[in-house]
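Okay, so here's the structure we're looking at.
None of the values given here were measured: they were computed from a predicted structure. The figures that follow rest on heavy atoms only: side chains count, while hydrogens, waters and symmetry mates do not. Residue numbers start from 1 in every chain, and the chains themselves are labelled A, B, ... in the order their sequence lines are given, proteins ahead of strands.
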There are 2 protein chains.
Amino acid sequence: MIYSKECEYAIRAMTYLAQHADRRCMAKEIAEKENLPQHFLSKILQTLVREKLLESAKGPKGGFQLSKPAKTITLYHIKKFVDGVDDLNECAVGLTKCNDEMPCPLHDDFKPIREKVKNYLKSTSLADMTKALDNKKKISKAASG
Amino acid sequence: MIYSKECEYAIRAMTYLAQHADRRCMAKEIAEKENLPQHFLSKILQTLVREKLLESAKGPKGGFQLSKPAKTITLYHIKKFVDGVDDLNECAVGLTKCNDEMPCPLHDDFKPIREKVKNYLKSTSLADMTKALDNKKKISKAASG
DNA sequence: AGTAATTAGGATAATAATATCTAAAAAGGG
DNA sequence: CCCTTTTTAGATATTATTATCCTAATTACT
């Protein structure tokens with residue numbers, strides 16, 4: 001609804017990295033653990049490196065890691081570099097022609113909802129992701145055990 | 001952000017039809033007035049006919065028209081037949097693997113926002129669209145005149 | 001130095017979304 | 001009944017997205 005696959009994979013990979021911030025993780029490892037297409041993921045990680053959200057190291061013991069603390073990286077940042085955020089800032093419902101002849105009739109009504117989405121992405125960091133994940137696991141463990 | 005192009009075109013075309021509910025409108029006419037790719041629009045209109053949202057007539061005086069009153073057709077209906085609404089009902093942020101190993105950490109937080117979107121689509125009819133359009137035109141006319 | 005491990009990046013492939021073209025079918029008007 | 005108009009439907013084209021493969025470059029360890 002909000003992300004491309006590419007962006008989804010980026011978020012999942014970066015969440016994984018946030019969960020293992022004590023070391024570097026290989027693309028292959030992330031792909032296997034998160035069940036992502038490996039080569040596609042590698043590409044995505046490369047762009048995240050270029051955008052300075054990740055750091056990488058080649059060779060044995062190489063891999064990827066977050067370039068800054070998980071709590072300072074938001075979903076909005078990631079989406080911005082992977083998908084762009086135009087869709088969150090332009091005409092709310094994708095009716096491209098907003099002008100006198102064909103003004104977007106929903107713009108005003110939809111705007112507050114769109115703002116909520118944007119806010120949510122801006123206020124949710126990778127640290128929030130891992131925290132929520134931990135909670136979920138705890139709960140599902142308690143339920144099954 | 002919410003619709004595919006196809007769905008956007010469908011909504012714009014159907015809004016046009018709602019504005020001219022007194023007669024049938026040709027695909028070509030709609031395409032020209034709404035600045036849509038004509039042949040692609042024709043395809044879309046055909047599927048809307050199959051889905052019973054529109055009725056069509058061939059030959060001279062032919063064209064398309066809404067199959068029921070504008071106020072009974074919502075954006076949700078249209079999206080449902082054109083794009084599907086899975087993205088509004090499944091994992092909120094597109095993280096496809098929601099399970100014990102990888103539960104979607106955002107699901108709970110995002111759900112209310114998603115519900116707002118869904119509600120909005122369900123409560124906005126083509127009649128609302130045309131009404132909002134009329135208002136917009138009136139305002140922009142007053143401002144410029 | 002040599003070798004294995006790993007990222008980087010270019011080329012290619014597969015699939016889905018978007019768009020166009022053409023021929024056939026249906027309807028109305030002469 | 002024929003001609004024109006218009007939808008219908010199927011084939012094709014284009015573009016974007018998603019995904020894979022291959023080679024090069026870099027690094028760590030021996």
Side-chain angles (χ1 to χ4, degrees), chain A residues 1-14 17 20 23-32 34-67 79 81-84 86-87 94-96, chain B residues 1-13 17 23-67 79 81-84 86-87 94-97:
Chain A
M1 173 178 158
I2 292 178
Y3 307 131
S4 66
K5 287 268 179 212
E6 189 175 349
C7 190
E8 179 201 326
Y9 296 168
I11 290 172
R12 280 165 64 187
M14 292 191 77
L17 290 174
H20 303 86
R23 61 180 175 85
R24 281 199 281 261
C25 304
M26 294 183 300
K28 193 178 175 187
E29 173 194 344
I30 303 171
E32 278 168 4
E34 292 295 323
N35 202 30
L36 301 174
Q38 183 185 337
H39 294 96
F40 191 29
L41 176 62
S42 292
K43 290 279 163 180
I44 296 167
L45 295 175
Q46 284 169 33
T47 65
L48 293 173
V49 169
R50 274 195 297 273
E51 301 291 354
K52 314 280 192 200
L53 291 179
L54 295 182
E55 284 166 4
S56 66
K58 295 180 186 178
K61 309 263 173 132
F64 298 87
Q65 63 191 144
L66 301 182
S67 64
K79 177 171 164 59
F81 287 126
V82 177
D83 281 347
D86 286 353
D87 56 350
L95 304 180
T96 41
Chain B
M1 172 178 157
I2 292 178
Y3 308 130
S4 67
K5 288 267 181 213
E6 188 175 349
C7 190
E8 180 201 325
Y9 296 168
I11 290 172
R12 280 166 63 188
L17 289 175
R23 61 181 175 85
R24 282 200 279 261
C25 304
M26 294 184 299
K28 193 179 174 187
E29 173 195 344
I30 303 171
E32 278 169 3
K33 292 293 181 56
E34 292 295 323
N35 202 28
L36 302 174
Q38 183 186 336
H39 294 94
F40 191 28
L41 176 63
S42 292
K43 287 277 166 183
I44 296 167
L45 295 175
Q46 284 168 32
T47 65
L48 293 173
V49 169
R50 274 195 297 275
E51 301 292 353
K52 315 279 190 200
L53 291 180
L54 295 184
E55 283 166 4
S56 65
K58 294 181 185 177
K61 307 266 171 130
F64 299 87
Q65 64 190 140
L66 301 182
S67 64
K79 176 171 165 60
F81 288 127
V82 177
D83 281 347
D86 286 355
D87 56 349
L95 304 180
T96 40
K97 295 276 173 190

Using whole Å, report how far [atom1] of [X] lies from [atom2] of [N].
X	N	atom1	atom2	result
B:His39	D:dA9	NE2	C1'	13 Å
B:Glu6	D:dA16	CD	C1'	15 Å
A:Lys28	C:dA8	NZ	C1'	18 Å
A:Arg24	D:dT26	CZ	P	16 Å
A:Gln38	D:dA19	CD	P	14 Å
A:Arg12	D:dT18	CZ	C1'	14 Å
A:Glu8	D:dT17	CD	P	16 Å
A:Met26	C:dA8	CE	C1'	16 Å

Within the distance-only criterion (no hydrogens, no angle test), does the side chain of B:Asp83 pair as donor or acceptor with the backbone N or O of B:Ser4 below 3.5 angstrom?
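It does hold such a pair.
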Got a donor-acceptor contact below 3.5 angstrom from the A:Arg24 side chain to the A:Lys61 backbone?
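Confirmed, A:Arg24 side chain pairs with A:Lys61 backbone.
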Where along residues 45-60 of chain A does a heavy atom fall under 4.0 Å from DNA chain C?
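Within residues 45-60 of chain A, the residues near DNA chain C are A:Gln46, A:Arg50, A:Ser56, A:Ala57, A:Lys58, A:Gly59, A:Pro60.
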Taking the side chain as every heavy atom from C-beta outward, state whether A:Leu54 and A:Met14 have any pair of such atoms under 4.5 Å apart.
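Side-chain contact under 4.5 Å: yes.
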Determine which pairs satisfy ring-ring contact (aromatic ring centres under 6.0 Å, His included) with at least one residue from residues 41-62 of chain A, sequence neighbours left out, and list them in order.
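Residue pairs passing ring-ring contact (aromatic ring centres under 6.0 Å, His included), neighbours aside: none found.
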At less than 4.0 Å, is any side-chain N or O atom of A:Tyr9 found next to OP1 or OP2 of D:dA19? Yes or no.
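For D:dA19, OP1 or OP2 has a side-chain N or O of A:Tyr9 closer than 4.0 Å.
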Using a strict cut-off of less than 4.0 Å between a Lys/Arg side-chain nitrogen and an Asp/Glu carboxylate oxygen, indicate whether A:Glu29 and A:Arg23 qualify as a salt bridge.
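Counted as a salt bridge, because a side-chain N and a carboxylate O are separated by less than 4.0 Å.
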Can A:Lys79 and A:Glu8 be counted as an ion pair, charged N to O under 4.0 angstrom?
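A salt bridge is absent here (no side-chain N lies under 4.0 Å from a carboxylate O).
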Side chain of B:Phe40 only, please: which of D:dT20, D:dT7, C:dA19 is the nearest?
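When the side chain of B:Phe40 is considered, C:dA19 is the closest of D:dT20, D:dT7, C:dA19.
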Please confirm whether any donor atom in the side chain of A:Lys43 sits under 3.5 Å from an acceptor in the base of C:dG10, or the reverse.
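Side chain to base: pair found, below 3.5 Å.
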Starting from the 5' end of DNA chain D, give me the residue, A:Lys61 or A:Leu41, whose nearest nucleotide shows up first.
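This one resolves to A:Leu41.
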Partners of A:His20 by ring-ring contact (aromatic ring centres under 6.0 Å, His included), sequence neighbours excluded?
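So A:His20 forms a ring-ring contact (aromatic ring centres under 6.0 Å, His included) with A:Tyr16.
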Answer with base, sugar-phosphate or nothing: what part of the nucleic acid does A:Ser42 contact at a heavy-atom distance below 4.0 Å?
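Contact class for A:Ser42: none.
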